[in-house]
2 protein chains.
Amino acid sequence: MREFKRRTRVLIIDDNTDHLRGVKELITLESSFDVAGTATSANLGINLIKKYRPELVIMDINMPEKDGLQAIAEIEKLELGAKVIALSAYDDADLIFRAMKIGAKGYVLKTMASAQLIYALDEVAAGKIYLPTALTSRFFEHFQLSFREEENANSAENLLAYLTSREEEVLDLLTQGNNYKGIAGKLFISETTVKTHVNNIFQKLQVNDRTQAVLYALNNNFTNKRRAKMAV
Amino acid sequence: MREFKRRTRVLIIDDNTDHLRGVKELITLESSFDVAGTATSANLGINLIKKYRPELVIMDINMPEKDGLQAIAEIEKLELGAKVIALSAYDDADLIFRAMKIGAKGYVLKTMASAQLIYALDEVAAGKIYLPTALTSRFFEHFQLSFREEENANSAENLLAYLTSREEEVLDLLTQGNNYKGIAGKLFISETTVKTHVNNIFQKLQVNDRTQAVLYALNNNFTNKRRAKMAV
DNA sequence: CAAAATATCAATCCAAAGATGTAAGACAAT
DNA sequence: ATTGTCTTACATCTTTGGATTGATATTTTG
């Protein structure tokens, strides 16, 4: 029995018809790929995806109106297994970050050699996620920056450090939306005791009510820190 | 005046003395790098970093006790500009993700060719962030998965969709810790009106009090969605 | 051991929050 | 024109929340 290797079916979405034609020809030349269809708008493209169920989608990200990013998100939401490769003119860190965040399996610049696009297609078709090295570096700048900011919120003299372990328990239950009665029941202590703890928490966190206490806790990663502490 | 190109100073931290020696020799052979020091534990290494201020740090991530990840976090907190390259035996997606999250500028496997490590050193010394292609793919699997989960919280029939725009405004102010009076003042409406809105919000979100409403809002990305909507 | 911090409980008081019902004017859709 | 939704508003009542003071047993720590 002769083994039949099926070509990977690719759908191309690009509002620039010239560029679209160029990409189509490039892919048609490759023996391992088949162009399943083309579209010049995101909406048309999404309809074609539903119809033809391609393995790969090349999505131009610089389209007007319904922008490419949103289109990628919608394609992901369909869950038809279509792997989207973003094709963009910009190596903007934030754009790369957002594209990868919503589920793009690759990101290639239009200015890159066509061999690079073919390589990306190969990799993504094989189930990998592909980003050119230069863009990877860009991506990580943005990625690490976003976590750096998160940590700044953590430092800045954290008032949570002054809480006793019992107060932490109470605050934890507060951040789950419990009222006095609920907390008292869960900790097997009286409601008045809970009131005492809660009042002490307010003093230490310098807030006026439970909502502000909960917000302070959430904004300062209280839950995560607590879980980390518990794990030790 | 003869131009003097200074060698990039590298500090190596690895509890395996054999491996440490190997890496040291490898780097010593390179004309563009200088081994500023070596250490066999994270604590010793951190002290040497404070002392010698190297541009690069190669950190073995499979060390016992104070594990390598925690050490990287501490080095980053020093803010001495030392760029850390993680050296690990494992291509575990979660490990790569966490290393990059806390600020590693590179991640190289021990099993990789030594040329790969030198290449990583070059790239990172030049201010870039370096991950081998294979590990990039691994990283993104984890990265995208974490956001996939976040979106599940978003879908699941979101009760926030039922709020009117005015109720959204009120909820927004609730999530900032305002009480009735504060909200009334900011929206230039009476306190009783605010009460009406808040009660309607409770009904729609199926909660009993403001803390639960705020928690629901935060757990369902209310703020982000609102900002996204405003931007349109 | 003594002093300080923690955890528990109670009483009281006032303020704030929440539940419920009613209603009028604005505005959009049909 | 009429219906429906939204926004505004008020009254009333009950419940919950928050502040304060004081007290006791236990634990931690210097």
Side-chain angles (χ1 to χ4, degrees), chain A residues 157-220 222 225-226 229-230 232, chain B residues 157-220 222 225-226 229-230 232:
Chain A
E157 216 240 330
N158 200 319
L159 300 175
L160 291 171
Y162 300 129
L163 298 183
T164 68
S165 62
R166 196 54 157 174
E167 284 161 358
E168 282 183 358
E169 285 186 82
V170 173
L171 181 55
D172 195 14
L173 291 170
L174 277 180
T175 62
Q176 288 167 39
N178 291 284
N179 58 14
Y180 286 134
K181 198 183 296 182
I183 297 172
K186 272 153 199 160
L187 296 183
F188 304 107
I189 57 180
S190 87
E191 220 173 307
T192 60
T193 304
V194 178
K195 284 194 176 193
T196 307
H197 287 313
V198 170
N199 265 289
N200 290 334
I201 291 170
F202 290 168
Q203 302 305 315
K204 290 185 179 178
L205 301 188
Q206 298 168 20
V207 297
N208 305 309
D209 55 54
R210 63 181 54 210
T211 307
Q212 290 177 5
V214 167
L215 286 169
Y216 186 94
L218 298 185
N219 289 331
N220 290 275
F222 171 71
K225 283 180 189 167
R226 223 178 113 65
K229 201 182 292 184
M230 308 276 279
V232 176
Chain B
E157 217 240 331
N158 200 318
L159 300 175
L160 291 171
Y162 299 129
L163 298 183
T164 68
S165 63
R166 196 55 158 176
E167 285 162 358
E168 283 183 356
E169 286 186 80
V170 173
L171 181 55
D172 195 14
L173 290 170
L174 277 181
T175 62
Q176 289 167 39
N178 291 283
N179 59 13
Y180 286 134
K181 197 182 296 182
I183 296 172
K186 272 154 198 158
L187 296 182
F188 304 107
I189 55 179
S190 87
E191 219 173 306
T192 59
T193 304
V194 178
K195 284 194 177 193
T196 307
H197 287 314
V198 170
N199 264 289
N200 289 335
I201 291 170
F202 291 167
Q203 302 306 314
K204 290 185 179 177
L205 301 188
Q206 298 169 20
V207 298
N208 304 310
D209 55 54
R210 64 181 51 212
T211 308
Q212 289 177 6
V214 166
L215 287 168
Y216 186 94
L218 298 185
N219 289 331
N220 290 275
F222 170 72
K225 282 179 189 167
R226 224 178 113 63
K229 201 182 290 182
M230 308 277 279
V232 177

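For clarity, every value in this text was computed on a predicted model and none was experimentally measured. In what follows, every chain begins at residue 1, and chains take the letters A, B, ... in the order their sequences are listed.
For I189(B) and dC6(D), the CD1 to C1' distance is 12 Å, given to the nearest whole Å. Here the P atom of nucleotide dC6(D) and the CD atom of E168(B) are 11 Å apart, to the nearest Å. Residue R166(A) contributes atom CZ, which lies 16 Å from atom P of dT26(D) at whole-angstrom precision.
Within residues 192-213 of chain B, the residues approached by DNA chain D to less than 4.0 Å at the level of any non-hydrogen atom are T192(B), T193(B), T196(B), H197(B), in residue-number order. Of the residues in residues 169-181 of chain A, not one comes within less than 4.0 Å of DNA chain C through any heavy atom.
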### Message
Pair H197(B), T164(B) - check side-chain contact (heavy atoms from CB on, under 4.5 Å), show working.
### Response
CA-CA 10 Å; H197(B) 287 314; T164(B) 68; 5.6 Å; no
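If you walk DNA chain C from 5' to 3' and mark each nucleotide with an atom closer than 4.0 Å to a heavy atom of chain B, the marks span dA17(C) to dT20(C).
A donor-acceptor distance shorter than 3.5 angstrom exists from the side chain of N199(A) to the backbone of K195(A), with no hydrogens or angles considered. One N or O on the side chain of N178(A) and one on the backbone of L173(A) form a donor-acceptor pair closer than 3.5 Å. Put simply, the side chain of Q212(A) gets close to the backbone of G177(B): a donor and an acceptor are under 3.5 Å apart.
Contact check for L187(A) versus T193(A): no side-chain heavy atoms found under the 4.5 Å cut-off. Residues K204(B) and L159(B) have side chains not in contact (no heavy-atom distance under 4.5 Å, counting atoms from C-beta outward).
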